[in-house]
Amino acid sequence: MKGILAIFRRELVLAWAGGSGLFLPAAFFAGTIFLAPLGVGAEPGLLSRLAPGLIFVALCLASLTTLERIFQADLEVGALDQQRLSGLSMELITVVKVLAHWLVSGLPIALLTPVAAVFMRADTVTPMTILPVFLGSITIFLWGGVGASLTAGLRRSGPLVALLVLPLFVPVVIFGAEELNHILTGQTFGAGLTLLAANTLAALAISPFAMALALKLE
Amino acid sequence: MKGILAIFRRELVLAWAGGSGLFLPAAFFAGTIFLAPLGVGAEPGLLSRLAPGLIFVALCLASLTTLERIFQADLEVGALDQQRLSGLSMELITVVKVLAHWLVSGLPIALLTPVAAVFMRADTVTPMTILPVFLGSITIFLWGGVGASLTAGLRRSGPLVALLVLPLFVPVVIFGAEELNHILTGQTFGAGLTLLAANTLAALAISPFAMALALKLE
Amino acid sequence: MINRDSDGQMALKLRQLTAVRGYTLLFSGLDFDLAYGEFAALKGPNGAGKTTLLRMVAGLIAAESGEIEYSIPDEAPARGIYYLGHELGLRPNETPLSHLRDWADMHHQPRERILPAIDRLGLTSRREVPAWSLSAGQKKRVALARSLVVPCPIWLLDEPASSLDVGGQCLLCELMTEHLNSNGAILAALHDPMDLEPSRVLDVGAFAP
Amino acid sequence: MINRDSDGQMALKLRQLTAVRGYTLLFSGLDFDLAYGEFAALKGPNGAGKTTLLRMVAGLIAAESGEIEYSIPDEAPARGIYYLGHELGLRPNETPLSHLRDWADMHHQPRERILPAIDRLGLTSRREVPAWSLSAGQKKRVALARSLVVPCPIWLLDEPASSLDVGGQCLLCELMTEHLNSNGAILAALHDPMDLEPSRVLDVGAFAP
Amino acid sequence: MFSTFANPHRFMSLTRPLLPILTVVAAVMLAAGWIWAIGFVPDEKYQGPTVQIMYVHVPAAMVSLAAYSTMAISSLLYLILKHSLADVAAKSAAPIAAALSFICLVTGSLWGRPTWGTYWIWDARLTSMLFQLFLILGYMALRSAFQREQEAARAGAILCLVGAVNLPIIKFSVEWWNTLHQPAGFISLTGDSSLTAEFFWPLMFNLIGMMVLFGAFLIATMRSEVYKRQYEAKLARLNRSTS
Ligand code: HEM
Ligand SMILES: Nc1ncnc2c1ncn2[C@@H]1O[C@H](COP(=O)(O)OP(=O)(O)OP(=O)(O)O)[C@@H](O)[C@H]1O
Ligand SMILES: Nc1ncnc2c1ncn2[C@@H]1O[C@H](COP(=O)(O)OP(=O)(O)OP(=O)(O)O)[C@@H](O)[C@H]1O
Ligand SMILES: [Mg+2]
Ligand SMILES: [Mg+2]
């Protein structure tokens, strides 16, 4: 337990200081919120409708770009070997890595969603706005971790292998964006939220084993 | 000349096989065309107005995700050293690298623009639709290359790049999206196109020197 | 199979090991025993499978067939194996100090051992610079310091002497001698002879098909 | 300064070289001449600045102060320097063959030399596998094959013998002898003695502050 | 010419007396401009008392552009002449330029609320000003990521010059797009000002005062940077001679 906490703490520091910390979500956030209106024009109704889709696409990209590098970099320099020799289970190690990075680059996007919504002039912004993005971001990071570990284990750089997980993202994006849209337009939650939560649970249950297996592929 | 052609050919193969090839533009294309309507709803006028903004945001993200790795990876394994020892000018080498990656992940986005426009139900789609995205994509990739090369020498991977280049992208996004919008709504070109072209020329003239200088930083 | 008792003096028993990489059979039917207190040299030409064998023994890759049996004393940390590979496990943006702290924490070892280890390996002035800026020999020394911070009974070393200067090679011999004296076991892939004479030699090339 | 004539027998002249890395002065006032046909060994403890010096001479990093003067024969390809560093310049997903093709093209050298070079370095069976799957010694051999494909008058070698097996080290000595016989110059950072005796020794440690 | 002036010692001795003079001039100009603006200028016909913000907004906007130009020119000089004083100038101007951009943005959006009915709008001038701020922050972040001053200087200079493409866009954005923002006209090349004299002169005082204040700040930060570098060099020399 102390060992896994040590790994968690380290990954958190790495994620934070190693560049992805806050910058990445901030960058995607900025990309979403600043660049989109530049291209679309600043008409009120238009922007707020774009927001859910853009936020979820930003999440997918953030998860892939941050996670892809951690697994691959650790594998290349042999840091993963050392972690495996610590006797801790790979399932725990991988999921801890993903969660640390989610905490640093996924969660802030979720927390910033209401701000984004305000900027994009949504009708109603409640604290509930965070919920679908919160669930969606964990799920996307976990599935993204599976894609990243496959890339790393196969030593093929590049998004080719990450393409494999795109289908896993699709339900999250669809349900998540739909629910977010509901909330932003002042409607109540729909059935999508349950499906989203189910997807999150599935990701939590399956992805650790998938990631551990993928990294042992070598 | 033959040497630089060899490098160009190699970078092209790398860009293609190394993962960025076609997948990335395709993913963004899909993201734009399939995800956007999910979040926005399929009203005719609405979608076509979103298209310019979405396409340019996609270009910015595509340039960052592909370019960041090329310079850094080559620097880490020492491949850049060997290229420098070839006696070819670093200005040429860097610009050739960027253009190869643009060819593989930027140009396809430009070429797919009319298709995207049709899907998004723009009023008028002419071959001219390609022009602003074509110019814009080269420019974005060149400025993106400057950001990537500045941070590669730092050996700190991570989204510092995004912060650096986002301001450089802004004019391109503003001019480009505006012109594209003109075209899609059946208007003639505006002053923006001249400014866009001027920015492209500036990028072509300045960025090779900036990149070469930046990579000599170590 | 891991045997958690040190009564049996055998540290490692390899039985009928077979290794395949890519589509090539590297070696097959490899039998070898390593006792505690013993230093065995692993020999063989480039590409014979020395690294592959060491990684198999460390449990980092699976053997095609055959068995590997350890017996590791109870008080050893975690899996009890110190592996020094071609890749040293250094993350470029972290410092020697932060690496050693992580390793200590990960294996529940006290952090007090870190500073003496750094001193002993001559890294005192470099302990707070990022690993990418270390020289090749300095990197190797950081990885060697790990053996002092996380004391493991079985050492698996892949070309441990490479990129160390003369002083560093002496230090390595010292560390290895101390380890053997405290009843540790060492299996090391070597191309060049070391000052420390191995008690046994395992030639992977002899098991090639 | 590059002198494009080989009349002057001096391959390299280093004058009052000073190197600073981070905030540390590594060496200063270093003077050294290397003539064609000569093999000089670069010595010094870990972190003395051997790699730094070689990279400076190769033109990959700038000297803090001082001058480096080359004279390179007209027929030499490009900058005429073969640099074998700690990083071998191999992209993990490319094969030995594709690497050598690139290098040949980049320096306008005929591709016909590639296959013989691969054969000579014993890589024939490995020539089409990705570089990440090569063993340490095989990677080194790919980098050595470059010297045959792109023949440069000045060789700068950073611990060339490391991770080569006995046969590989013989081969390296052969390659170096041939290069010296065809009037080439070699400056090599070495920790261990080689079979080939260096005609001069440059001790970087002697110029440390 | 530059190198004789750019000798750090000469720079230090030249600016020692200059600094208090500039400070006093700036203080006097700004004080006069403000008292005039608040006390003696009538409220504007349409905007009422909010027009007072102009006396901060316009000088801050113009001087922030000047500050960025200073950074760009110094960077160019540094890349060409490799003289460290040019780098000192660029480095020192950055935080001042950032602060001025920030003030311009804040006062602009405070002014926007009563005049345009919104704090923020995605118009070209506003956006490009926002990105100038980001660019300067990026410049500072990039510099601080390097260990050695020379490397930081070179990287910073490259970024700053490349970022200078943004300058004309900020400057001329109001002419290229029809936006909500006021077009230039307060000082035009043809000499005729769209502002009446009663608004013009206090603004002029504030503008010149702000310009001089920028000069004073710049010189002060440059002096402390030069001191810092001299101290570090001395320390390094000491380290070398003792080790
Ligand atoms: C956040 C919002 C704003 C930003 C970023 C901004 C930015 C700028 C900039 C960069 C300039 C300097 C232009 C130059 O040197 O040529 C400027 C000038 C000026 N601004 Fe703003 N501005 C903002 C809001 C406003 C508002 C709300 C008003 C008034 C309704 C206003 C009125 C002016 C005027 C009168 C000038 C002087 C124009 C001239 O004659 O050159 N600005 N602003
Ligand atoms: N992951 C892999 N996939 C396919 N082939 C591999 C892989 N790893 C190693 N090989 C091949 O297996 C063989 C043995 O490699 P190994 O690294 O074990 O050799 P080695 O004895 O350590 O050699 P060296 O002395 O050069 O370090 C080599 O021919 C290598 O190309
Ligand atoms: N980019 C860098 N930034 C800061 N310090 C560096 C950098 N590169 C090397 N150093 C430091 O400079 C010193 C010399 O390094 P160098 O690699 O030249 O040593 P070396 O003589 O090759 O040592 P070795 O025998 O271990 O290979 C080392 O102390 C190293 O930590
Ligand atoms: Mg090996
Ligand atoms: Mg070295």
Side-chain angles (χ1 to χ4, degrees), chain C residues 21-24 26 42-55 85-88 92 121-126 128-130 132-142 144 158-172 189-195 203-205, chain D residues 21-24 26 42-55 85-88 92 121-126 128-130 132-142 144 158-172 189-195 203-205:
Chain C
R21 297 302 257 159
Y23 293 105
T24 340
L26 292 181
L42 190 58
K43 301 256 171 188
N46 289 143
K50 301 180 293 300
T51 302
T52 306
L53 178 64
L54 288 176
R55 290 177 66 80
H86 291 305
E87 315 305 338
L88 302 171
L121 283 142
L123 292 167
T124 317
S125 68
R126 307 264 90 205
E128 307 241 44
V129 303
W132 63 260
S133 78
L134 295 174
S135 81
Q138 289 165 342
K139 281 186 194 143
K140 195 83 174 214
R141 284 160 186 256
V142 180
L144 280 172
D158 208 347
E159 297 177 40
S162 76
S163 75
L164 288 176
D165 58 14
V166 185
Q169 295 189 20
C170 284
L171 191 60
L172 173 68
L190 302 173
H191 286 304
D192 297 309
M194 289 183 68
D195 283 348
D203 184 358
V204 199
Chain D
R21 296 302 259 159
Y23 289 109
T24 339
L26 293 180
L42 190 57
K43 301 257 171 186
N46 288 143
K50 300 179 294 301
T51 302
T52 306
L53 178 65
L54 287 175
R55 291 177 65 81
H86 290 307
E87 315 305 339
L88 302 171
L121 282 140
L123 292 167
T124 317
S125 68
R126 310 262 89 205
E128 305 241 47
V129 303
W132 63 261
S133 77
L134 295 175
S135 81
Q138 289 165 343
K139 281 184 195 145
K140 195 83 173 213
R141 285 161 186 254
V142 179
L144 279 171
D158 206 347
E159 299 178 39
S162 77
S163 74
L164 287 177
D165 59 14
V166 185
Q169 295 188 23
C170 285
L171 189 60
L172 173 68
L190 302 174
H191 287 305
D192 298 309
M194 287 183 70
D195 282 348
D203 185 357
V204 197

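Throughout, protein chains are lettered first and strands after them, A, B, ... in sequence-line order, and every chain is numbered starting at 1.
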Can you confirm whether D:T24 sits close enough to C:R126 that some side-chain heavy atom of one is under 4.5 Å from a side-chain heavy atom of the other? yes

Nearest 0.5 Å, what's the CG-CG distance between D:D192 and C:D165? 10.0 Å

Measuring from C:R21:CZ to D:S133:OG, what's the distance to the nearest 0.5 Å?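 These two atoms lie 8.5 Å from each other.
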
Minimum heavy-atom distance D:S135-C:G47, with the two atoms named: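 For D:S135 versus C:G47, the nearest heavy atoms are OG-N, 3.5 Å.
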
Please report the closest heavy-atom contact between D:N46 and C:S163, naming both atoms and the distance.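 Reported closest heavy-atom pair: ND2-O, 3.1 Å.
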
If one checks every heavy atom of C:D158 against chain D at 4.5 Å, the contacting part turns out to be neither

Chain D contact via C:L164 - which portion, at a heavy-atom distance below 4.5 Å: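 When you check distances to chain D, atoms from both the backbone and side chain of C:L164 fall under 4.5 Å.
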
Any idea which of D:A48, D:G44, D:P45, D:G122 has the most non-hydrogen atom pairs under 4.5 angstrom with chain C?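 Between D:A48, D:G44, D:P45, D:G122, the count favours D:P45.
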
Give a yes or no on this: more than 12 heavy atoms of other residues, nucleotides or ligands lie within 6.0 Å of atom CG of D:D203. yes

With chain D as the partner, which of C:K50, C:K140, C:Q169 has the greatest number of non-hydrogen pairs under 4.5 Å? C:Q169

